[in-house]
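Please read all numbers here as calculations on a predicted model, not as lab measurements.
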Amino acid sequence: MEKEREDDVWEYKIGPLYEQRLPADWRLRLNAFAEKQDGADAEEDEIEYSGAAQLAWLADDELAPALEYYGESGNHGAGPVLLGEFELGGHELEWEAGAIFGLSGGADDVVYRWSLEAEF
């Protein structure tokens, strides 16, 4: 759930995550989302659907290559990503960084993305 600070827009997004370990240290992750905006300043009145996929080769925990795909109506992109994990202060941290290249007319030419997750 997300709320914009200056506007009266609430954004609700929900969806399952599917993860499957494959032979030879491969992992497949699939996400499917349904998103709805609500509030006086909401631009969209209908439910929007989107999805994402990641195929990663996890032979090494510290550095692993992957391919990702993101898609929604008129906006599709895919590209290479690097994954890794390390410990800091007794906590496990997972990071991801990559470049997603637009595959459709409604997509940006390239989007750089990164994330950092901590498990407690």
Kindly work out whether a path of hydrophobic side-chain contacts (I/L/V/M/F/W/Y, heavy atoms less than 4.5 Å apart) joins Leu88 to Leu63. yes
Leu30-Trp26 co-clustered via ILVMFWY side chain contacts under 4.5 Å: yes
Over 12 non-hydrogen atoms of neighbours within 6.0 angstrom of CD in Glu46: no
For Glu62, look at atom CD and say whether over 12 heavy atoms of other residues, nucleotides or ligands are found less than 6.0 Å away. no
Check [X] against [Y] and note the closest heavy-atom contact, atom names and distance.
X	Y	result
Gly79	Ile100	N-CD1, 4.0 Å
Asp38	Tyr12	CB-CE1, 3.9 Å
Gly74	Ser104	O-OG, 3.2 Å
Pro80	Phe101	CD-CE1, 3.9 Å
Ala107	Asn75	CB-OD1, 3.1 Å
Trp95	Leu82	CZ3-O, 3.4 Å

Atom [atom1] of [X] and atom [atom2] of [Y]: how far apart are they, to the nearest 0.5 Å?
X	Y	atom1	atom2	answer
Ser73	Tyr49	OG	OH	12.0 Å
Phe86	Glu94	CZ	CD	10.5 Å
Leu83	Asp60	CG	CG	11.0 Å

Working for side-chain contact (heavy atoms from CB on, under 4.5 Å), residues Leu58 and Arg21: CA-CA 10 Å; Leu58 304 175; Arg21 291 288 181 146; 3.2 Å; yes
Find out whether Leu55 and Leu22 are in side-chain contact, i.e. whether some heavy atom of one side chain is under 4.5 Å from a heavy atom of the other. yes
Side-chain heavy-atom pair Glu85, Glu92 within 4.5 angstrom cut-off: yes
Looking only at side chains, do Tyr70 and Glu72 share a donor and an acceptor under 3.5 Å apart? no
For a quick check under 3.5 Å, do Arg27 and Gln54 share a side-chain donor-acceptor pair by atom type? yes
For Glu35, what residues pass the side chain to side chain contact (heavy atoms under 4.5 Å, CB included) criterion, not counting sequence neighbours? Glu11, Lys13
Run the side-chain contact (heavy atoms from CB on, under 4.5 Å) test on Leu67 and Val81 for me, step by step, so that the C-alpha distance in whole Å, both residues' side-chain angles and the decisive distance to 0.1 Å come before the verdict. CA-CA 6 Å; Leu67 289 174; Val81 177; over 6 Å; no
Does any pair with a residue in residues 99-114 pass salt bridge (charged side-chain N to carboxylate O under 4.0 Å, His left out), and if so which ones, sequence neighbours excluded? Glu68-Arg113, Glu96-Arg113
